[in-house]
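Here's the structure we're looking at; comments come further down.
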Number of protein chains: 2
Amino acid sequence: MGGVSTAERDRVPKQDRSRATRQRLLEAAVSCLAEHGWAGSTVSVVAERAGVSRGAAQHHFPTREDLFTAAVEYVAEERSTALRALFPEGPAEDRRAVVAALVDLYTGPLFRAALHLWVAASNEEQLRPRVTELEARVGRETHRIAVDLLGADESEPGVRETVQGLLDMARGLGLANLLTDDKARRERVVAQWAALLDRTLKD
Amino acid sequence: MGGVSTAERDRVPKQDRSRATRQRLLEAAVSCLAEHGWAGSTVSVVAERAGVSRGAAQHHFPTREDLFTAAVEYVAEERSTALRALFPEGPAEDRRAVVAALVDLYTGPLFRAALHLWVAASNEEQLRPRVTELEARVGRETHRIAVDLLGADESEPGVRETVQGLLDMARGLGLANLLTDDKARRERVVAQWAALLDRTLKD
């Protein structure tokens, strides 16, 4: 198909480099937020952590709000994909495994980062609308995955609210894990609530 | 019973004044934390809000950590007392009313304030042990009240974890209410899970 010009040959690696830089910035932003909170998370700190110049960081993300909302969204998408990949067959027989995997979404660094962003947004007007919109989007997607993997029929009365309550519980368990390692208690609660859920969805 | 000395006469009102000042500081600290978050909450800001001198504030609470942990504890105790007072007869027939009242603990300014303190403690070493200890204490008391008011028998297998999961759900519902008014959805979730809980505890 004819010769490839020097400009064309250079373009692809440049796009790759740009994508890799963007990804490093997003991952550094989530770790930074999880470890240092909103007050300790600036574009400069993240750029340094990612090994990227401040100018390059600002080329990708003009504002601090752009960087951190994009970072939480990126990692949330990664986690959703990973969650679906755990159950490639779709609705799982073992509902306890699904409940445990859903709860796991709320106990890692992503939840910690999202929580910092969330709490900061409650007091900062320029952050609030963007985080509200982001949380709604991520929440809808998580709900959709939960319904699929649990094999829940939302046309039945109460089923939608049962699944919502389960995700609220997962979020509350994430909060309980913030200051102490709550794993042992969490596993007992997950076992019990998975059993309640299983019985309810079978009825 | 004999005469009262001038010193004795003066002591009581002084104690009253001191108690009233302390209470004003605690209430101002919770409102401040709920509205401005940890970064915006200093002893000076709270003293001004309470109409108390900075010196008087520091007499009551030598450090910022003292003031804000005492404030969250004080308001949590007030709320526990108010919750028990809603059901003076103890275990209530209407479990949905109990679940709704428990969930209400996590949707007001106290929860907002506690959440700010909690998230700040996850990144600040001098705050962390105190908040961890405080949350454990408040959590145990809330669990005790929930068991009493639900008439739950914790000697039955799974009942303890059912109640814990309910309180985790309540905390998650509180978080969902942070950026948007989530009341309508929350009421549907509460209705559904109260019905599931009722069935489970009756079995």
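It should be emphasised that the depicted structure is a prediction, and the values quoted were computed from it without experimental measurement. Chain identifiers are assigned alphabetically (A, B, ...) following the order of the sequence lines, protein sequences preceding nucleic acid strands; residue numbering begins at 1 within each chain.
Between atom CZ of residue B:Phe87 and atom CG of residue B:Leu149 there is a gap of 6.0 Å, rounded to the nearest 0.5 Å. Note that CG of B:Leu150 and OG1 of B:Thr200 are 11.5 Å apart. Values are rounded to the nearest 0.5 Å. Of the inter-residue distances, the one linking A:His116 atom NE2 with A:Phe111 atom CZ reads 10.0 Å to the nearest 0.5 angstrom. Separating the CG atom in B:Leu127 from the OG1 atom in B:Thr69 is a distance of 7.5 Å, to the nearest 0.5 Å. Expressed to the nearest 0.5 Å, how far OG1 of A:Thr21 lies from CG of A:Asp16 amounts to 10.5 Å.
Of the charged side-chain nitrogens involved, none lies within less than 4.0 Å of a carboxylate oxygen, so that A:Arg137 and A:Glu141 do not count as a salt-bridged pair. A salt bridge does not link A:Arg144 with A:Asp148: every distance from a Lys NZ or Arg NE/NH1/NH2 to an Asp or Glu carboxylate oxygen is 4.0 Å or more. Between A:Asp66 and A:Arg130 there is a salt bridge, with a side-chain nitrogen of the basic residue lying less than 4.0 Å from a carboxylate oxygen of the acidic one.
Comparing A:Arg188, A:Arg185, A:Glu135, A:Arg128 by how many heavy-atom pairs each has under 4.5 Å with chain B, the most go to A:Arg185. Most heavy-atom pairs under 4.5 Å with chain B: of the set A:Pro157, A:Ala195, A:Ala176, A:Ala170, this distinction falls to A:Ala176. Counting heavy-atom pairs under 4.5 Å between each of A:Leu197, A:Leu115, A:Thr180, A:Val163 and chain B puts A:Leu115 at the top. The residue among A:Ala120, A:Gly139, A:Ser122, A:Ala191 with the most heavy atom pairs within less than 4.5 Å of chain B is A:Ser122. Each of A:Thr132, A:Val119, A:Val190, A:Leu175 has some count of heavy-atom pairs under 4.5 Å with chain B, and the biggest count is that of A:Leu175.
Among residues 28-54 of chain B, the residues having any heavy atom closer than 4.5 Å to a heavy atom of chain A are, in sequence order, B:Ala34, B:Glu35, B:His36, B:Gly37.
Other residues, nucleotides and ligands place more than 12 heavy atoms under 6.0 Å from the CD atom of A:Gln126.
Under the 4.5 Å side-chain criterion, counting only non-hydrogen atoms from C-beta, B:Ser18 is not in contact with B:His59.
Neither the backbone nor the side chain of B:Leu167 comes within less than 4.5 Å of any heavy atom in chain A. For a residue to count as touching a neighbouring chain, one of its non-hydrogen atoms must lie under 4.5 Å from one of that chain's; by this rule B:Leu173 touches chain A with backbone and side chain alike. Contacts of B:Glu161 with chain A are made by both backbone and side-chain atoms, with heavy-atom separations under 4.5 Å. Looking at A:Leu178, both its backbone and its side chain come within 4.5 Å of chain B, counting heavy atoms on both sides.
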